[in-house]
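Just below is one structure, and these are the notes that go with it.
Each residue takes its place number in the sequence, starting with 1.
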Amino acid sequence: MAYAGLNAQRPAAEERALAGFEKGIEAGKLSETQGPLLQFAVTHPNDARAVELLGRLRLKQSRTDEALSLYRRVVELDPKSSAVRVNYALALLLAGQDDVAAQVLRDVNTSEIRDPTTRLNFMQALMLSGNCPEALNIADALPPLVKNGDALPIRASCYLRLGQTSNVEGLVPLAKKAVGSNTDAVMKFADIMIAAGQSKAAAEILGLAVKASPKSSKALLLLGKAELHEKDFAGARAHLGRAAVLQPGSAEVLYLQAQLEVSQGNALAALPLLTKASLADPKSSEILALLALTAIKATRPRDGIDAAEKLLAIKPDDPEGLYLLGAASLQSGNLDKAQASLVHFTVLQPKDSRGCLALGLTLAAQRDQIEPARQQLRHCLEFDPSNYEAKYQLGLSYKAQGDTTQAVSFLEETVAAAPKYSLALRDLGAVYLQAGDYTKARTMLERSVAVDPNDADTHFQLSRLYNLIGEVELAKHHLEMFQKLKGPGKTM
């Protein structure tokens, strides 16, 4: 990288050292490069290139604040360099300081940017700032090896932002060709494809990457991730297992292994993986959010509350954290905490069905809050009429108070919207039974047990029904099923 102002002339040995540092950074050898580069920068505090390289290294280490401080120093040392401004703008964008970055980019003289690394950084900065057409123009002027290699991830991101899906698909053959020569860029491209919902093509590319680099934990991890998205659970398990052997204790590998377990309904198996992932990366909001959600699915609300509170400590007022804290608190029976968290959530996300419903359930669990609960559930239906769970809960609230007419109305709407919702079928059958409409009760209860033969309460209601209509053997059978599922000595 050339600098216009300072350090235009330096000893050949120093030039070689700096070139080596740059090569190490771009190759991802950050830990090996860090010590020698830091020592060089300390002994050459006014060398713009050394300070810039240290800033670039910190940026790749996600130490954004340090990178920004270093880039500000580089701008002081070499204020006229467009290359410096490009990298400073990129650091600002990654730090979320878009307005400042836009001003810095406006002062960049594109004609001065000649080396491929800075041109790629300029492309990325333009992409992040929303100027994808100009980023793609720069890509068109790159040498073919760079355009169809290092630039692939940026081109893909821009095409996706512009809605040009066919152009993204056109990059797939280029990515396959580049596997052997530029695996890192290909893996970044595949990761973008996964995020864009094109995991099948990504899996094909990553399969080639794994063949080219069978001991690359990153390639194995991404292949497992793509397979997970494709619901190829056997493939995902195998490749994530190989990645775990190569990179034991990796938070990212543990997180994906946990996602695999959750996807297969094994919430309890996922919890220890997520706990280990959280210990490996305690500041990952992504890991903490999945840990809280998985704990709720596993009926471990105390673990869910703990994870959600840690998430909120990192990201105060985070809507997802507030929802998860509210849901876990509701599950644990801590209604005050649940209500406070969910009220806060609904203020931030007033049209989110999950939070709206959870708040309704929290209110409904309090005897003196039945009318506010109904108001809340009706509010959920105002902005989402298809929310059959809200209709179901309204039906239950009226069923509990013996208002058969209202209960039947809401439960019938629920069953119409969700014909295989076994609990709604069961409860509608129970209300029909209570009202003496045995024909309708039988239809609903038999549909319910067909959907979920392991629900003890459905068998109990069927036993009652069959006794009332004189089908004694069926009544006896379902009572036995109820007792088997509930355990000895249990009654309704």
Inset, instruction - Before giving the answer on side chain to side chain contact (heavy atoms under 4.5 Å, CB included), spell out for Arg354 and Tyr323 the whole-Å C-alpha distance, their side-chain angles and the decisive distance to 0.1 Å. - result: CA-CA 8 Å; Arg354 300 174 307 156; Tyr323 168 73; 3.5 Å; yes
Inset, instruction - Taking Ser409 for its side chain and Thr405 for its backbone only, find out whether a donor-acceptor pair lies under 3.5 Å. - result: no
Legend entry - Under 3.5 Å side-chain donor-acceptor pair for Gln393 and Tyr388: no
Inset, instruction - Grab the two heavy atoms, one from Ala202 and one from Ala190, that are nearest each other, plus how far apart they are. - result: CB-O, 3.6 Å
Inset, instruction - Please list, chain by chain and in numerical order, all residues satisfying side chain to side chain contact (heavy atoms under 4.5 Å, CB included) with Leu293, sequence neighbours excluded. - result: Lys297, Leu324
Legend entry - Check: Ser199/Glu230 side-chain N/O donor and acceptor closer than 3.5 Å: yes
Inset, instruction - Would you confirm whether Ser216, through its side chain, and Ser213, through its main-chain N or O, come within 3.5 Å as a donor-acceptor pair? - result: no
Inset, instruction - Taking atom CG of Asp99 as the centre, report whether more than 12 heavy atoms of other residues, nucleotides or ligands fall under 6.0 Å from it. - result: no
Inset, instruction - Tell me, please, which residues at least two apart from Arg63 pass side chain to side chain contact (heavy atoms under 4.5 Å, CB included). - result: Gln34, Arg58, Gln61, Glu66
Inset, instruction - Using only heavy-atom distances, determine whether the side chains of Ser332 and Asn334 contain a donor-acceptor pair under 3.5 Å. - result: no
Inset, instruction - Determine yes or no for a side-chain-to-main-chain donor-acceptor pair under 3.5 angstrom, with Arg374 supplying the side chain and Leu394 the backbone. - result: no
Legend entry - Pair Gln406, Asp403: side-chain N/O donor-acceptor within cut-off below 3.5 Å: no
Inset, instruction - Identify the two heavy atoms, one from Leu377 and one from Gly360, that lie closest to each other, and give their separation to 0.1 Å. - result: CD2-CA, 4.1 Å
Inset, instruction - Keeping the roles fixed (side chain from Thr346, backbone from Leu342), state whether a donor-acceptor pair exists under 3.5 Å. - result: yes
Legend entry - 4.5 Å side-chain heavy-atom contact, Leu273 and Tyr255: no
Inset, instruction - Assert yes or no for the condition that the ring centre distance of His478 to Phe460 is strictly below 6.0 Å. - result: no
Inset, instruction - Please confirm whether the backbone N or O of Pro385 pairs with a side-chain atom of Lys391, one donor and one acceptor, at under 3.5 Å? - result: yes
Legend entry - Cation-pi check, Arg56 onto Tyr71 ring (under 6.0 Å, within 45° of axis): no
Legend entry - Minimum heavy-atom distance between Ile287 and Ser278, given as atom pair plus value: CG2-N, 3.7 Å
Legend entry - Beyond-backbone contact of Ser285 with Asp318, side-chain heavy atoms, under 4.5 angstrom: no
Inset, instruction - Determine whether Val415 and Glu412 make a side-chain contact, defined as any pair of heavy atoms from C-beta on separated by less than 4.5 Å. - result: no
Inset, instruction - Please answer whether the main-chain N or O of Arg426 pairs with a side-chain N or O of Arg447 as donor and acceptor at a distance below 3.5 Å. - result: no
Legend entry - Presence of salt bridge, Lys310 and Asp306, under 4.0 angstrom: yes
Inset, instruction - Could you tell me whether the side chains of Arg155 and Asn148 share a donor-acceptor contact shorter than 3.5 Å? - result: yes
Legend entry - Residue pair Ala295 / Gln331: nearest heavy atoms and the distance that separates them: O-OE1, 4.2 Å
Legend entry - Lys484 NZ: over 12 foreign heavy atoms closer than 6.0 Å: no
Inset, instruction - Keeping the roles fixed (side chain from Gln461, backbone from Asp457), state whether a donor-acceptor pair exists under 3.5 Å. - result: no
Inset, instruction - Any chance you could lay out the side-chain hydrogen bond (donor to acceptor under 3.5 Å, both in side chains) test for Gln349 and Asp352, step after step, and finish with the verdict? - result: CA-CA 6 Å; Gln349 302 284 341; Asp352 188 296; over 6 Å; no
Inset, instruction - Would you please name every residue forming a salt bridge (Lys or Arg N to Asp or Glu O under 4.0 Å) with Arg237, sequence neighbours left out? - result: Glu261
Inset, instruction - Report yes if the side chains of Gln259 and Leu256 come closer than 4.5 Å at any heavy-atom pair, otherwise no. - result: yes
Inset, instruction - Verify the neighbour count for atom NZ of Lys315: are there more than 12 heavy atoms of other residues, nucleotides or ligands below 6.0 Å? - result: no
Inset, instruction - Output yes when Glu473 and Lys476 qualify as a salt bridge under the 4.0 Å nitrogen-oxygen rule, no when they do not. - result: no
Inset, instruction - State whether the side chain of Ser341 and the backbone N or O of Leu322 hold a donor-acceptor pair below 3.5 Å, judged by distance alone. - result: yes
Inset, instruction - Report the C-alpha distance between Tyr392 and Phe410 in whole Å, list the side-chain angles of each, state the deciding distance to 0.1 Å, and finish with yes or no for ring pair (Phe, Tyr, Trp, His ring centres under 6.0 Å). - result: CA-CA 6 Å; Tyr392 173 59; Phe410 281 107; over 10 Å; no
Legend entry - Donor-acceptor contact present, side-chain His459 to main-chain Pro453, <3.5 Å: yes
Inset, instruction - Go through the steps for Ser129 and Asn131 under the test side-chain hydrogen bond (donor to acceptor under 3.5 Å, both in side chains), then give the verdict. - result: CA-CA 6 Å; Ser129 65; Asn131 191 353; 5.8 Å; no
Inset, instruction - Could you tell me which non-hydrogen atom of Asn387 sits nearest to which non-hydrogen atom of Cys380, and how far apart they are? - result: ND2-CB, 4.1 Å
Inset, instruction - Verify, without hydrogens or angle tests, whether Ser217 (side chain) and Gln247 (backbone) share a donor-acceptor contact under 3.5 angstrom. - result: no
Inset, instruction - Looking only at non-hydrogen atoms, find the nearest pair between Asp150 and Pro153 and report the distance. - result: O-CD, 3.2 Å
Inset, instruction - Apply side chain to side chain contact (heavy atoms under 4.5 Å, CB included) to the pair Ile469 and Leu465, showing each step before the final yes or no. - result: CA-CA 6 Å; Ile469 62 178; Leu465 169 68; 4.3 Å; yes
